[in-house]
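Here's the structure we're looking at; comments come further down.
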Amino acid sequence: MIQSFLLLLLLIFISILSFFLPRNYDDFSLFLIMLIALIGLIFHLSRNETHQELKKQYLKISNLFLLGYLIVGFQNYIDLLLGNNNLSDYELWVNPNNIVYSASVVTAGLLSYLIGNSYTFNVSNRNSYYQPKFTNLFLLKLLLTFVVIVFFATVNKEYLFGGYALGVEMGPVAKYMALIFHGVIFSIIILHTRNVHIKEKSKLTVLNYIKSYGLLVVLSTLFYLIGVLISGDRGPIITIVMGFTIGYVYLTNIKIKAKLLIIIGFMAAIVITFLGRLRAIVTEETFTDKLRVLFAGQDLETKKSFLQPTKELAGSINTVHYVINYIPEKYGFFYGKFQLLEIRDSIPFLTGFIKNSGYIIAAEDKSISDYITWLAQGDYATYGNGSSIIADFYTAFGIISVIISMFVFGVFIRTLDVELFKKRQLSVVMQTTAFVYFANSIYISRSYALDSFKLIFMVLIIIFINKIMVIASKEIGIGLKNQ
């Protein structure tokens, strides 16, 4: 495709340019890089979709990830050019002399992802002949309800009533229950959509889709999300809502028009902003101050932006600045160490195995998020700085590892899109992977590429255990209530 060739030319140009750009900030260099990114985006959007199922399907993993990447990777640079940011913000820029080079690395990552998003991995067609079986979800629904009850019984009440914004911990048991809740609810969504798929209910309204999960699942999920909302945490709400959304899209193959999707996105941004206001009022003492923050155009301490609702998400770009400022000049490249740690932490029980064997990496080694927090705050950190997909890839061996990794990630995401919207039943593994990545797609850019595998492995284990329990109950003569 001509667009891929043009994107490759831009990638080669920005890669070479990054070595000759001035190591001090200037507006023209940053503007030039933003212009290259814009041209690359236009090339990508001008492509003709080759897969019939994906034509006019705008609600897909690749688009959602791209949206998150553009916010994290470019919003603050654009704000800087517009005069909304200033170079004295050390927490954001770390070292103003690295701003232009950091922007070039982010742009190279974008172009490489867009090129990779033109290709797919060769996935076996054996699933075309896969004969799915109906799965009883009674035990999972009971487990979901039990987990929610234990969560509310053990959660730190200070955390529950707005403590998230103040850094209050929810408590060890409640934290474990929250983790299990995500695993169980995604297991239910995946297995339930497989059951409905067997029944071939193509004409399914949103209301009927929600009702089809049953009162137990709906109420348990609703109570949990209300608790999360009160605490001030927005992440789980977005992830779980996205999980239910992809279930409906998968079953109905609905294609939302671009204009409607923009309206929905705008409304979602307003809701996210309002949730941020709710979280902000926790730190205010008087009722008057609470009302002022809740209904003000912006908090007094919030920095201006041309896109205010996503300003917090965009702040994760500072993780790229920390990494580029210290690596490789001070600490050297890590050559994939953090990626090995991510694989280790994603697979249950693998941490203990590595620790006992002493193989490659020690189990107590820092994650990429912990390492960036250490770079930013030293040995006495008071909060986590988080990570980002570019910062994670850059630690391996710089801009080259960013280009290679983002290309592979682009191919991976494109493969999930193609498989997800094929009009056939997917394998459990493929469906779980696609659903989880869809749910996390917007936030991947402020995390790391393999972060979703934690939830994927947990869901697969829960689905396997449920299958064993259902079979065992039949063998011992215990009749489970049909879902």
Side-chain angles (χ1 to χ4, degrees), residues 139-188 216-241 243 272 275-285 290 312 341 344-352 355 363-364 366-370 372-374 377 379-387 436 439-440 443 446-447 451-459 461-462 465:
L139 292 176
L140 287 180
K141 292 181 178 182
L142 286 182
L143 177 60
L144 185 74
T145 306
F146 173 78
V147 167
V148 173
I149 292 173
V150 175
F151 172 80
F152 280 104
T154 59
V155 68
N156 185 340
K157 300 306 181 286
E158 292 183 5
Y159 169 88
L160 189 61
F161 293 102
Y164 176 85
L166 301 175
V168 178
E169 294 290 335
M170 67 172 66
V173 177
K175 186 175 183 179
Y176 190 61
M177 290 299 107
L179 184 65
I180 295 177
F181 176 87
H182 281 77
V184 175
I185 193 61
F186 271 90
S187 299
I188 291 174
L216 208 58
V217 173
V218 174
L219 288 180
S220 297
T221 304
L222 190 60
F223 280 126
Y224 177 78
L225 292 182
I226 290 174
V228 170
L229 175 63
I230 295 173
S231 74
D233 191 2
R234 292 173 286 181
I237 298 175
I238 296 173
T239 301
I240 292 172
V241 170
I272 291 172
L275 293 178
R277 296 280 171 269
L278 290 176
R279 185 169 69 183
I281 66 175
V282 177
T283 59
E284 302 297 332
E285 295 182 358
K290 293 179 186 293
E312 182 183 358
L341 285 167
R344 180 204 71 179
D345 293 340
S346 298
I347 304 175
F349 312 116
L350 188 59
T351 300
K355 184 176 182 179
E364 64 271 13
K366 292 181 175 67
S367 66
I368 180 62
S369 299
D370 292 336
I372 293 175
T373 299
W374 178 78
Q377 303 179 54
D379 295 326
Y380 303 99
T382 56
Y383 62 92
N385 285 77
S387 180
V436 172
N440 292 330
Y443 279 106
R446 69 180 300 178
S447 181
D451 188 37
S452 295
F453 274 85
K454 294 179 182 179
L455 182 55
I456 291 170
F457 279 113
M458 178 182 293
V459 170
I461 289 172
I462 291 173
I465 293 174

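The backbone N or O of N440 lies less than 3.5 Å from no partner atom in the side chain of T239, so there is not a single donor-acceptor pair. Of the possible donor and acceptor atoms, none in the side chain of S447 sits under 3.5 Å from a partner among the backbone N and O of Y443.
Among all heavy-atom pairs drawn from G183 and V459, the shortest one is O-CG2, 3.7 Å. For the pair L140 and S187, the tightest heavy-atom approach, listed with the atom from each and the gap, is CD1-CB, 4.3 Å. Scanning both residues, I368 and S387, for their nearest heavy atoms gives CG1-OG, 3.5 Å. Between A381 and T373, the shortest heavy-atom contact is CB-CG2, 3.5 Å. Here the shortest heavy-atom pairing between A153 and K157 reads O-NZ, 4.1 Å. A pairwise comparison of heavy atoms in V168 and Y159 identifies O-CD1, 3.0 Å as the closest pair.
Rounding to the nearest 0.5 angstrom, the gap separating the CG atom in L179 from the OH atom in Y176 is 7.5 Å. In this structure, the separation between OG on S231 and CD1 on I226 is 12.0 Å, given to the nearest 0.5 Å. In this structure, F146 CZ and L139 CG are separated by 13.5 Å, a value rounded to the nearest 0.5 Å. L143 CG to I180 CD1: the interatomic distance, rounded to the nearest 0.5 Å, is 7.0 Å. From T221, atom OG1 reaches atom CD1 of I185 across 3.5 Å, with rounding to the nearest 0.5 Å. Distance CD/Q377 to CG/N385: 5.0 Å, rounded to 0.5 Å.
Two residues are said to be in side-chain contact when any heavy atoms from C-beta on lie closer than 4.5 Å; L216 and L144 fail this criterion.
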Would M458 and F186 count as a side-chain contact (heavy atoms from CB on, under 4.5 Å) if you check the C-alpha gap in whole Å, the side-chain angles of each, and the deciding distance to 0.1 Å? CA-CA 10 Å; M458 178 182 293; F186 271 90; over 6 Å; no
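Ring-centre distance between F181 and Y224: below the 6.0 Å cut-off.
Exactly one residue among V184, T145, L142, V147 makes a side-chain contact (heavy atoms from CB on, under 4.5 Å) with S220. That residue is T145.
Counting heavy-atom neighbours within 6.0 Å of E169 CD, excluding the residue itself, gives a total of 12 or less.
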